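This report concerns only the one structure given below.
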Amino acid sequence: MGTPVTALPREFFARGVLEVARDLLGRVVRHETPEGAVAVRLTEVEAYAGEADPGSHAFRGRTPRTEVMFGPAGHAYVYFSYGMHWCVNLVTGREGTASAVLLRAGEVVEGLELARERRRAARRDADLARGPARLTQALAIAREQGGADVCAGGPLSVLAGEPVPDAAVSWGPRVGVAGAGAPTPWRTWTTGDPTVSAYRAAVPRRPRRS
DNA sequence: CCGGTGATGGACT
DNA sequence: GTCCATCACCGGA
């Protein structure tokens, strides 16, 4: 038979954000749509530590956009980025803490043909979900998945997959977040995996003329 | 391989 | 008005 289809339980997500981030590596995010299912084995994620974290969208408190992050663990916080892209986080910790893990990259392990159709620009399969907005495009995650409960057996779920051993786990700084230089390595990835996104330091925005 | 840059729209000050 | 938790594409080495 094969692949276990049981979603990870809410208790998995209701822990400290760094612990959840590390344990998400190797897990499988699966999204089933009328077109078919695509699943991605996570290779890179990034932790955001709630209201106290200057890099987090929750830093300025509860707003309509960030409301989901303040809710219970195991729900999807989906946000619109740079006027073009969608990115997805999984809410972690106790209700009210607003911590979450950004899904940054993964390897497509189901629905390869469909993922290729959704990601025409990808030159290699390793690029299909290499980067947070590429991952959501491969999985067809957008506004409608905002707030989705990934522990409820719905179309969007996180399957057990195969956890990554400590020896294969790397840690480092966040990508593209202004106010970097934080002492904590918030990003974690599977060492040497070709689907891990390229590291780029946060670049100062170029001045825009009027 | 690498660095530079335009696209594009919503959230927030 | 300013700031983006980004990506694709281009030109140069």
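For clarity, every value in this text was computed on a predicted model and none was experimentally measured. Just so it is clear: chains get the letters A, B, ... in the order the sequence lines come, proteins before strands, and each one is counted from 1.
Heavy-atom distances under 4.0 Å link DNA chain C to A:R119, A:A121 of residues 114-126 of chain A, given in residue order. Residues from residues 95-112 of chain A with heavy atoms under 4.0 angstrom of DNA chain C, sorted by number: A:L102, A:R104.
The CG-C1' distance, from A:D127 to C:dA8, rounds to 11 Å in whole Å. One atom, CZ of A:R60, and another, P of C:dC3, lie 12 Å apart when rounded to the nearest Å. For the pair A:R65 CZ and B:dG10 P, the computed distance is 12 Å after rounding to whole Å. At whole-Å resolution of the value, CD in A:E46 and P in C:dC4 are 15 Å apart.
For A:T63 and B:dA11, the shortest distance from a side-chain N or O to OP1 or OP2 is not below 4.0 Å. One finds no side-chain N or O of A:H85 lying less than 4.0 angstrom from the OP1 or OP2 phosphate oxygen of C:dC7. For the pair A:R130 and C:dC7, the criterion of a side-chain N or O lying under 4.0 Å from OP1 or OP2 is not met.
Distance from the side chain of A:Y79 is smallest to C:dA5 among B:dC12, C:dC7, C:dA5. The side chain of A:F80 lies closest to B:dG9, out of B:dT13, B:dG9, C:dT6.
The side-chain heavy atoms of A:P155 and A:H31, taken from C-beta on, include a pair separated by under 4.5 Å.
Paired runs in DNA chain B that reach 3 or more consecutive Watson-Crick or G-U pairs, where each pair keeps both distances under 3.5 Å, cover B:1-7 with C:6-12, B:9-12 with C:1-4.
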